[in-house]
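Okay, structure first, notes after.
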Amino acid sequence: MAQLNILEFPDPRLRQKALPVARVTSRITELIDDMLETMYAAPGIGLAATQIDVHKRIVVADVSESRDHPYALVNPTVQVLGGLQRREEGCLSVPGFFEEVERAERIRVSALDKLGNAQIFEAEGLLSVCIQHECDHLEGRLFVDYLSTLKRSQIRKKLAKLARA
Ligand code: GNR
Ligand code: NI
C-alpha cells in the first residue's frame, strides 16, 4: 500500500475530466487500496482519483465514525431522487476552507465495486453529499465553484500565499 500526493486548488490538473475504467483489473484494485489509505491518513471522508492526478472514474468514501465502512465506486453514476440539503463542505484539495453548499438530499448511485461487480444503492445526508462532491471531482468541478467569484478568488489567493510560505 502507498499514500499518494493530493493536488491542491488551483492546480489545473484538478480540472481534467476523468475517463471511464474499462475493466476492474488488479491494478485498479491496488489503486483503490492506495486511495483508501490516502483518504484515511489525510484524514478525509472521500477521495476522487482526480485528486491524486489519476484521471480515471474512481471514487472512495467512508463517512462512518468508526472509519470501517469503505465504499469504492468505479464508473459511478448518480440519479437525483429528490430533496435539497445545505451542508458545510471541505475538500482535501482546498485545505483549511469550509463553506456551505446546496446539494440534492437523496440520490441513487450505480457503480462497479472493488471486484468489478455492479452495485446500486440509495444515499442521503452526509454520504449523499460526499458522493456528489466526489463525482464533481471526476468532472473537474470543485466545491468552490458553487461559491461567489469573490469568495473563490479569496480562497485562491490565501492558498497561493500559504504555498509561498
Ligand atoms: O474530507 C472531506 N470532507 C467533506 C466534508 C463535507 C463535504 C464533503 C467532504 S469530502 C472531503 C474529502 C475530499 O476532498 N474529497 O474529495
Ligand atoms: Ni474534495
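The model shown is predicted, which means the values in this text are computed figures rather than measured ones. Whatever order the structure lists ligands and atoms in, that order sets their numbers, starting from 1.
Note: no N/O pair closer than 3.5 Å links Leu126 and ligand 1 by distance alone. Checking only distances, Ile45 does come within under 3.5 Å of ligand 1, N or O to N or O.
Between the side chains of Glu30 and Ser26, not a single donor N or O lies within less than 3.5 Å of an accepting N or O.
Closest heavy-atom approach to atom 6 (C) of ligand 1 among the candidates His133, Met39, Gln51, Glu89: Glu89.
Comment: Arg57 engages Glu139 in a salt bridge, judged by a side-chain N to carboxylate O separation of less than 4.0 angstrom.
Annotation for Lys56 and Ile28: closest pair CD-CD1, 4.0 Å, computed over non-hydrogen atoms. Of all heavy-atom pairs spanning Ala111 and Pro76, the tightest one is CB-CA, 3.8 Å.
Between His133 and Phe143, the ring planes are parallel. Angles under 30° get that label, and only those over 60° would be called perpendicular.
Residue-ligand proximity, His137 to ligand 1, at heavy-atom distances under 4.0 Å covers atoms 16 (O). Ligand-side atoms of ligand 1 in range of Gly44: 1 (O), range being under 4.0 angstrom from any heavy atom. Close contacts of ligand 1 with Val129, meaning ligand atoms under 4.0 Å from a residue heavy atom, involve 7 (C). Near Cys91, meaning under 4.0 Å from any of its heavy atoms, are these atoms of ligand 1: 14 (O). Of all atoms in ligand 1, listed by their number and element, those nearer than 4.0 Å to a heavy atom of Glu88 are 6 (C). Counting the atoms of ligand 1 from 1 in the order shown, those under 4.0 Å from a heavy atom of Glu134 are 10 (S), 13 (C), 15 (N), 16 (O).
Results of the side-chain hydrogen bond (donor to acceptor under 3.5 Å, both in side chains) test with Arg103 over Gln85, Glu89, Gln132 single out Glu89 as the only residue that passes.
Within 6.0 Å of CD on Glu65 lie no more than 12 heavy atoms contributed by other residues, nucleotides or ligands. No more than 12 heavy atoms of other residues, nucleotides or ligands lie within 6.0 Å of CZ in Arg23, so this atom counts as exposed by the packing criterion.
Not less than 6.0 angstrom separates the ring centroid of Phe97 from the ring centroid of Phe9.
In this structure, the protein non-hydrogen atom closest to atom 9 (C) of ligand 1 is Gly90 O, 3.5 Å. Counting only heavy atoms of the protein, atom 12 (C) of ligand 1 lies nearest to Gly46 O, 3.2 Å. The protein atom (non-hydrogen) at minimum distance from atom 14 (O) of ligand 1 is Leu92 N, 2.8 Å.
The angle Cys91:SG - the Ni ion (ligand 2) - His133:NE2 amounts to 110°, with values rounded to 10 degrees.
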